[in-house]
Each structure stands twice: as structure tokens, then as C-alpha cells.
Protein chains: 2
Amino acid sequence: MPVTIYDIAKEARVSIATVSRVLNNSSVVSEKTRLRVKKVMEQLNYTPNVIASALTKKSTLTLGLLIPDIANPFFAELARGVEDASSDFGFNIIICNTDYSSDKEATYISLLKQKSIDGFIISSAYYNDQNVVKLLKANVPLVLLGRDIDDSEGLPVDVVGSDNVKGGYIATKYLIDLGHKNIACLLGPPRIKVNLEREKGYLKAMEEAGLKVCPEAVGYGDFKIDFGFKKTLEILKGPCKSTAIFAANDLTAIGAMRAIKFLGLQVPNDISVVGYDNTVLAEMVDPPLTTVNQQMRKMGYIATELLIKRIKGERGVGEKIILDTELVIRKSAGICNGK
Amino acid sequence: MPVTIYDIAKEARVSIATVSRVLNNSSVVSEKTRLRVKKVMEQLNYTPNVIASALTKKSTLTLGLLIPDIANPFFAELARGVEDASSDFGFNIIICNTDYSSDKEATYISLLKQKSIDGFIISSAYYNDQNVVKLLKANVPLVLLGRDIDDSEGLPVDVVGSDNVKGGYIATKYLIDLGHKNIACLLGPPRIKVNLEREKGYLKAMEEAGLKVCPEAVGYGDFKIDFGFKKTLEILKGPCKSTAIFAANDLTAIGAMRAIKFLGLQVPNDISVVGYDNTVLAEMVDPPLTTVNQQMRKMGYIATELLIKRIKGERGVGEKIILDTELVIRKSAGICNGK
DNA sequence: CTGAAAGCGCTAACAA
DNA sequence: TTGTTAGCGCTTTCAG
């Protein structure tokens with residue numbers, strides 16, 4: 001029913017091979033026949049069948065994006081960058097929500113492989129993600145986005161991320177410069193490597209300033225509002241006398257702010273808060289959140305570019321691109337009024 | 001290189017037809033051979049090639065989702081519902097950001113058709129979207145999500161949305177009950193039908209209460225923060241003496257709140273604001289936004305279910321599912337203190 | 001520069 | 001219940 005290269009061939013009085021050649025911009029076709037064929041294609045309103053070509057060419061012009069949750073503004077922003085690049089380079093993307101589950105991740109991976117996608121962009125990886133290692137071993141094109149793994153068993157991986165150590169450092173340093181000495185640190189899951197790095201930055205700043213960190217004021221969580229809320233309550237009621245909090249993402253920071261208000265205290269007058277990511281939420285909350293900016297959209301874009309180049313064989317594998325990170329100063333952190 | 005049904009067939013000592021049959025759970029295979037074939041599949045770690053089967057079956061188990069912008073929390077939430085349902089039913093989804101451009105929409109549609117996707121979920125439609133009409137005419141399975149078109153030229157369309165007239169009505173009625181008489185109304189683009197409906201609800205409530213609407217206090221915009229900000233400035237400086245604002249989405253409402261604060265006024269003490277959608281942002285802003293809840297995730301899920309049923313031929317076309325809508329009362333609207 | 005023909009991996013009659 | 005055999009729409013040698 002739909003028009004195929006056979007129809008075009010017949011109408012243009014050439015073989016299907018020739019039609020295929022003009023379809024693929026093969027240079028060996030004479031200008032004259034190329035024009036003729038193109039004209040017929042227009043006339044018959046021909047549209048090539050990607051599925052059929054995929055069967056032989058083994059290329060679907062489709063990429064898979066694995067993220068924990070598209071409803072989380074951080075990942076939505078990454079996804080936008082990924083889709084922008086895909087679109088610019090003629091690819092499409094299939095989005096999968098893994099909900100932080102390795103099993104779901106594995107299921108999606110196997111499904112997408114059956115669909116012969118050309119490569120994966122993975123934002124859901126843990127530091128020793130076995131799914132990723134398997135893909136690497138199978139030599140499937142992939143790039144890690146905003147995540148890194150520790151143990152790739154010597155296999156080279158492409159990674160696009162940002163400077164998390166620096167991020168943790170500048171956030172903490174900023175609080176220190178405001179006079180804070182007891183600074184709490186709320187991290188995400190330790191299975192996600194960025195948290196270790198952000199903690200490292202935090203510790204570095206503290207150490208440099210000769211400040212000691214109160215063990216009860218440092219904790220790992222799940223990147224969600226509720227964790228920020230509960231942990232902050234715990235910390236503020238505990239022995240640490242924290243006057244400032246560095247949170248490893250905006251959601252946790254927002255939870256912290258709510259806890260502070262809940263206790264009848266003020267941000268930043270009583271307690272200062274600095275977040276991480278600079279999602280849309282940061283400028284929505286009250287007071288607007290001072291936070292470390294990750295260039296999420298750009299990260300997504302670059303990761304996709306990288307992957308596509310890899311797919312096209314334009315480059316080898318094993319590149320690490322680390323984007324810069326900077327502090328966006330809003331109103332949630334102020335001069336230390338405590339002791 | 002990868003293992004095919006031929007390898008399985010040889011190893012299991014059956015024909016490829018039989019292998020294909022067990023792959024498709026055809027009932028005519030004897031339990032014995034089925035088991036044998038399955039075992040071989042496991043042993044050889046076989047994974048079927050969806051592309052190849054798609055070529056004959058004309059089914060890719062892939063859906064296309066057209067939205068303006070995944071970075072907008074409203075659409076991200078819809079997308080999550082869509083992906084959840086897709087995943088539950090064994091489908092995947094390709095997400096496309098149209099940026100409110102009919103041209104981009106058309107480009108994506110043609111690309112996805114080339115990829116033989118099974119159907120479209122469209123959240124980017126205008127009230128007379130020609131792209132949609134064309135798809136309808138071509139009898140391509142599709143469902144409109146959170147959007148409706150006016151002129152489908154007599155062709156039946158599936159629509160999943162929510163009760164916008166009611167939404168506009170209850171938001172306005174709530175403000176009226178709080179004693180407000182001069183209520184402004186900030187809408188989205190009139191090309192998007194929901195805005196006409198929300199306006200209708202607004203007008204209905206006003207009329208019922210015997211209130212007259214001040215023409216300068218009603219305006220169409222683009223659903224963005226900036227519009228809410230500017231239009232509110234204009235209204236508050238104008239002749240209308242508005243003491244309350246109903247905005248047709250949360251972003252516009254947030255812009256309105258910013259304008260109010262910018263003028264040194266307070267929300268809700270001086271001016272009340274009610275939004276629409278109940279995105280994450282609503283609970284983030286200060287004060288938390290009273291807003292009309294649309295069950296976005298559910299809408300996305302149901303729309304996808306509907307589409308999949310349609311694809312499987314389990315039902316006809318032309319269904320309209322309208323989810324209920326309700327007011328989520330937070331802190332951005334209060335008793336009228338003005339005249 | 002162009003055409004013939006053999007697949008890509010799987011499905012679906014049709015036979016057996 | 002199972003096998004044989006044409007395709008699905010396109011790409012890609014290999015000849016010419």
C-alpha cells in the first residue's frame with residue numbers, strides 16, 4: 001500500500017539499486033538520473049522505510065536514554081539536552097525511567113537491544129553498575145551522563161559529567177567565607193559516585209579552613225525532599241550546632257529549608273542552605289536557593305554528540321568530559337550569626 | 001554474528017517456522033518441542049530482532065510522544081504517565097519536543113512514520129492542528145493528550161483531557177467566595193483549546209455571581225512566567241482594581257506572584273492568586289500556590305492505554321475521556337481585603 | 001554509471 | 001504439529 005523503492009524504480013525507469021543509491025546520496029549516480037529519481041519520489045510522495053534499511057544497515061538512528069525519573073526536573077533538563085542533540089543529528093530517543101532500580105535498568109536494556117538501537121545514554125548508573133559493564137563488554141556504544149562508574153574492569157568508557165569535587169568545594173567554601181564553622185552535609189546515595197566526589201569537595205574545604213566536621217552532621221540519603229527534611233531535623237536537634245547546610249542536590253536542600261522553617265527558624269538568618277544542580281526549583285523556593293550550577297542541558301547535548309560520533313566511528317572510546325561548575329548565589333545563605 | 005532463529009532451529013533440530021512459532025506463543029506447537037526450543041534459546045542467549053519482525057508484522061511496539069517541552073514540569077509529568085503505561089504494556093516511547101512549533105511537529109511526525117511507530121500521543125496540538133488532521137485522514141492511530149482540536153473534519157478522535165470548564169469555574173468561584181469581585185484572568189495561547197474552556201469556566205462563575213469582568217483584566221499569553229509577570233504589572237497599574245488573579249497555568253501564576261511582590265504588595269493579603277495544573281512548582285513557591293489539580297500522570301497513563309487498545313484493534317476510535325479536576329487549596333489566595 | 005541478485009531476520013500462508 | 005517457501009523494503013556486492 002505505501003510506496004516503495006520498487007514503485008519509484010518503475011516510474012523512473014531505473015533499477016531499485018539506483019533508487020537506493022540516490023536515497024543514500026551515493027556519489028556514483030549521474031546527476032541526470034538522480035534528479036529524475038528525486039522528482040518521482042516527490043511526485044509519489046515517497047518516504048523511505050527506516051525499518052527495512054535498519055535490517056541490513058544495522059542502524060536505526062535511535063538512541064536509548066536511561067534515567068531514573070523524567071518527572072525529576074534534573075533529569076528532565078538532561079533529557080532536553082539529549083533530545084536537542086538527537087534531533088540536530090537526525091536521531092530520535094527512547095526514554096526509559098528506571099526508578100533507581102538495576103532490574104528495571106536491565107530489562108530496558110535488553111528490550112532496547114532487541115530494537116537495535118544504535119547506542120545508550122545512561123544517567124542511572126551506580127558506581128559499579130553491572131548492566132553498564134556488560135554493555136561495555138559487548139562493545140555496545142554508550143556514554144555515561146552525569147554519572148560515572150568505578151569499576152569498568154579496564155574497559156574504556158565515555159563519560160560526560162561535571163566537576164563534583166569542585167562543586168562541593170565552592171559550595172562549602174562559600175559558607176565558610178560567610179563565617180560558618182559548623183557546616184552540615186547532606187548527600188545522596190553513596191552508590192552514586194558524584195556524592196562521594198561532592199563530599200570530597202566538602203571535606204577539602206573544611207580541612208583547608210581548619211574546621212572539623214561533626215560526624216552526626218554528615219549523612220547519605222536518597223536525593224529526595226523528605227530525606228532533607230528529616231535529616232535536617234535530626235541534625236538541628238543533635239549536638240552539632242550547625243549553622244549551615246550543604247545539600248548535594250536541590251531537592252534535599254529544599255527539604256532542609258522546610259525543616260528549618262518547621263522548627264520556627266529562618267533561612268538564611270538562622271541557618272544557611274546551599275543546594276546543588278540549579279534546577280528550576282531553585283529559583284522558585286523561598287528564599288531562592290543558592291546552589292551549584294550544573295549545566296544539565298549542555299551535558300545532555302554533549303553526551304549525545306559524543307555518542308553519535310562514536311556510533312559513526314569518528315572517534316575512539318574512553319573520553320571523559322567534565323564541564324565546569326559554578327555557584328549561583330541567591331538568598332538562602334547568609335552571614336553566620338551563630339557562634 | 002548475533003544468534004538468529006536459524007541458529008536456534010539448527011541446534012533444536014526444527015525449522016525456523018517452529019522457532020518463530022514459539023517466539024510468538026503460537027498455540028500449535030507441541031509442549032515438547034516448545035520446551036526444547038526454549039532451552040536452546042536460553043543456551044545460545046538468543047534475543048529476537050524486533051526490527052526484522054517489524055518488517056513483516058508492521059508493528060514496532062514503539063509509540064511517539066509529541067510534547068512542546070519535556071523540561072516543562074507539566075509535560076514531564078504527562079510523559080511519566082505515558083512511559084509508565086508503555087512500559088506496562090511492553091511498548092517504548094520516543095519523545096519529541098516541538099517547542100510549540102507546527103513545523104517541528106510536522107517534521108517529527110514524518111520522521112516517526114518512517115520509523116514505523118505504532119501510534120502517536122500528541123500533547124502539542126492546536127485547536128485546528130493540520131498535522132493531526134492529516135494523521136487522522138491517513139488513519140494513523142493517535143490520541144490527543146491534554147489537548148483537543150476543534151475541527152477534525154468529521155473524523156473521530158480519541159481525546160484524554162480534563163474538565164477545563166469546571167477547572168476555570170471552581171478556581172474563580174473559590175475567589176468569589178473569598179469575597180473578591182474584581183478578578184483578573186490570565187490565559188495561555190487561544191490557539192490551545194483548553195484556554196478557551198478555562199476562560200469559559202471563569203466567565204460562567206463571574207456571571208453567576210453577578211460580577212462584571214473588566215476587559216483589561218483578561219488576557220491571552222504564552223503560558224510562561226514572563227507573561228504572568230508583565231500582564232500582572234499591567235493589570236495592577238490599570239483601571240481594573242483587581243484583587244485576585246486566576247491564571248490558566250502554574251507558571252503564569254508564579255509570574256503573577258512575582259509581579260505582585262515586585263510592586264511591594266503581598267500574596268495573598270493584597271492580591272490573591274490561583275493557578276492551574278498543580279505541578280511540583282506549586283508547592284515550592286512562596287506562598288504555596290492554590291491551584292487546580294489536573295491528574296497529569298493519570299491522564300498520560302490512560303491516554304496510552306487507550307492508544308494501545310486501539311492499535312491492538314480492541315476498540316474503535318472517537319472516545320473522549322475527561323478526568324475530573326479539583327482545587328488544591330494552599331496559601332496563595334485569601335479573603336478579600338480590598339473594596 | 002547502472003542493473004541483477006543475494007541477503008538482513010523474521011512472519012505467514014500453504015503443504016505435508 | 002511441523003516444514004517449505006515466499007516475501008517485508010532496502011542495501012550491497014559483483015558484473016557489465
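Note that the structure is a prediction, hence the values are computed from the model and not measured. Lettering of chains follows the sequences in order, A, B, ..., and the numbering in each one begins at 1.
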Residues at least two apart in sequence or cross-chain that pass side chain to side chain contact (heavy atoms under 4.5 Å, CB included) with Glu77(A), listed by chain then number, are Met296(A), Arg297(A), Ala71(B)
From CG of Asn24(A) across to C1' of dT2(C) the rounded distance in Å is 16 Å
Gln114(A) CD to dG9(C) P, in whole Å, measures 15 Å
Under 3.5 Å, which donor-acceptor pairs link side chains of residues 134-147 of chain B to any protein atom two or more places apart or in another chain?
residue	atom	partner	partner atom	Å
Lys137(B)	NZ	Glu153(B)	OE1	3.2

Across all chains, not counting sequence neighbours, the salt bridge (Lys or Arg N to Asp or Glu O under 4.0 Å) partners of Asp150(B) are Lys193(B)
Hits for salt bridge (Lys or Arg N to Asp or Glu O under 4.0 Å) against Asp129(A), two or more places apart or cross-chain, chain-then-number order -> none
Could you go through nucleotides 3-7 of chain C and list every protein N or O atom that sits under 3.5 Å from one of its N or O atoms, giving the distance for each pair?
residue	atom	partner	partner atom	Å
dG3(C)	OP2	Ser15(A)	N	2.9
dG3(C)	OP2	Ser15(A)	OG	3.3
dG3(C)	OP2	Thr18(A)	OG1	2.8
dG3(C)	N7	Arg21(A)	NH1	3.3
dG3(C)	N7	Arg21(A)	NH2	3.3
dG3(C)	O6	Arg21(A)	NH2	2.3

Students should find that the end-to-end axis angle of the helix from dC1(C)-dG16(D) to dA16(C)-dT1(D), with five pairs defining each axis and rounding to 10 degrees, is 30°
Glu31(B) meets the salt bridge (Lys or Arg N to Asp or Glu O under 4.0 Å) criterion, sequence neighbours left out, with Arg34(B)
Taken to the nearest whole Å, NZ/Lys10(B) to P/dT2(D) is 20 Å
Rounded to whole Å, the CG-P distance (Leu61(A) to dT11(D)) equals 11 Å
Which donor-acceptor pairs under 3.5 Å do side chains of residues 51-58 of chain A form with protein atoms, sequence neighbours excluded?
residue	atom	partner	partner atom	Å
Ser53(A)	OG	Val50(A)	O	3.1
Thr56(A)	OG1	Ser53(A)	O	3.3
Lys57(A)	NZ	Asn24(A)	OD1	3.0
Lys58(A)	NZ	Leu55(A)	O	3.1

For Pro48(A), the side chain to side chain contact (heavy atoms under 4.5 Å, CB included) test, sequence neighbours excluded, returns Leu23(A), Tyr46(A), Gln114(B)
Residues at least two apart in sequence or cross-chain that pass side chain to side chain contact (heavy atoms under 4.5 Å, CB included) with Leu112(A), listed by chain then number, are Leu66(A), Ile94(A), Cys96(A), Ile117(A), Phe120(A), Asn92(B)
* Asked: Between Lys298(B) and Asp84(B), is there a salt bridge with N-O shorter than 4.0 Å?
  -> no
Below 30° counts as parallel, above 60° as perpendicular, anything between as tilted: where do the rings of Tyr301(A) and Phe89(A) land?
tilted
Between CD1 of Ile5(A) and C1' of dC10(D) the distance, given in whole Å, is 5 Å
Check: residues 304-311 of chain B side-chain donor-acceptor pairs under 3.5 Å, at least two apart:
residue	atom	partner	partner atom	Å
Thr304(B)	OG1	Gly300(B)	O	2.7

The correct set of residues in residues 30-54 of chain A placing a heavy atom under 4.0 Å from DNA chain D is Tyr46(A), Pro48(A), Asn49(A), Ala52(A), Ser53(A)
Separation of dG9(D) atom P from Lys57(B) atom NZ, nearest Å, is 16 Å
